[in-house]
Amino acid sequence: MKVIIHGGFFSESDQSHEVKTAKQESLKNIAKRAFEFLQSNPAFDTAAFAVSLLEDDELYNAGTGSQIQSDGIIRMSAAIMDGETQKLSGVINIQDVKNPVFVAKELMNEDDRVLGGSGAKKYAAAHGFENYSTEIPKRRQEYEEKLHNGGKGTVGCVVIDKNGKLAVATSTGGKGFEIPGRISDSATVAGNYANSFCAVSCTGVGEDIVSNATAAKIVTRVTDGMSLNEAFDKTFEELKLIDGFAGAIAIDKDGNLAHRDSHPTMVFASFDGENLETFH
Ligand code: ASP
């Protein structure tokens, strides 16, 4: 059993010692709580649980604390994928729900598994998700000062459970200041992908992640016989060809963990019951 989580990138605007320490502590704490949850729950439920904890922490750009788009509105995206069934479900540009990842998880039971915009919100309301503002004063202030903080702050979680099943979930408030209607990578197979061989969650510039097909490519390479490290090497080499900005976390079916970023530093933590690793 292993859990690895990420909280996006440590951006220029939050390089202070306090923020760094707070992120390290938060990630370590959430990795441990997710691991505890994993003792009696499958990988799929654990990935959603861990991402919901990250969404609830204002330090990250997902759920509460999401960045504001150019028209002053927060729109969030999230997806979850079960490695065993190889099904992905997700929401794109959903407004006013506390935990987009739980709406994505709910959609796993439907024939129509990825919903966008007002349709996603209506579905959430009909399934008991209350109206909830995820705006925090810091983000409004950034928006009003027209500060494009550029912080890359998606969150994600990859899990392997006691039966060797893999799952991944990813959630984002987007890039900040984007044109309304812009689609993030997080609820696509480029940003969030799993099968029974490997599971990957990405963060970074969504356009680069989609152009590079990052998560789907890493998983496919591992499925076809490459080691996890080789798959990361090749995929991140290809990302250089488009000068791409991305980070990724992964676990393969043998329990190997990987994390990589094209531009330091993606913030992450992993826990296997003994070793608690985090970024420095
Ligand atoms: N990948 C996200 C997006 O482009 C942003 C991020 O990772 O911070 O929407």
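Counting starts at 1 for both ligands and their atoms, following the listed order. Here the structure is a predicted model, which means the values were calculated and not measured. For reference, positions follow the sequence shown, starting with 1. Because only heavy atoms are used, hydrogens play no part in the values below, and waters and symmetry mates are left out as well, while side chains stay in.
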Any pair with a residue in residues 45-89 that passes ring-ring contact (aromatic ring centres under 6.0 Å, His included), sequence neighbours left out, goes on the list, sorted by first then second residue, please. Phe37-Phe49
Taking only residues two or more places apart in sequence, or in another chain, which ones meet Thr85 in a side-chain contact (heavy atoms from CB on, under 4.5 Å)? Asp82, Lys87
If you take the centroid of each ring, where Trp contributes its six-membered ring, are Tyr123 and Phe129 closer together than 6.0 Å? no
Do Leu54 and Ile30 come within less than 4.5 Å of each other through their side chains, counting heavy atoms only? yes
Can you find an N/O atom of Asp185 closer than 3.5 Å to an N/O atom of ligand 1? yes
Any nitrogen or oxygen of Gly204, side chain or backbone, less than 3.5 Å from one on ligand 1? yes
Below 4.0 Å from ligand 1: does a non-hydrogen atom of Glu207 turn up there or not? no
Within the 4.0 Å heavy-atom shell around Thr203, which atoms of ligand 1 are there? 6 (C), 7 (O), 8 (O)
Ligand 1 to Ser184 polar contact by distance, N or O atoms, under 3.5 Å: yes
Is any N or O atom of Gly206, backbone or side chain, closer than 3.5 Å to an N or O atom of ligand 1? yes
Could you label the plane-to-plane angle of the Phe10 and Phe279 rings as parallel, tilted or perpendicular, counting under 30° as parallel and over 60° as perpendicular? tilted
Which of the atoms of ligand 1 are close to Thr172, meaning less than 4.0 Å from one of its heavy atoms? 2 (C), 5 (C)
Would you say Asn61 and Lys175 are linked by a side-chain donor-acceptor pair, where the criterion is simply a distance under 3.5 Å? no
Can you list the ligand 1 atoms lying under 4.0 Å from a non-hydrogen atom of Gly174? 5 (C), 9 (O)
Side chain, backbone, both or neither: Arg182 near ligand 1, heavy atoms under 4.0 Å: side chain
May I ask you to decide whether Arg221 forms a salt bridge with Glu238, counting only side-chain N to carboxylate O separations under 4.0 Å? yes
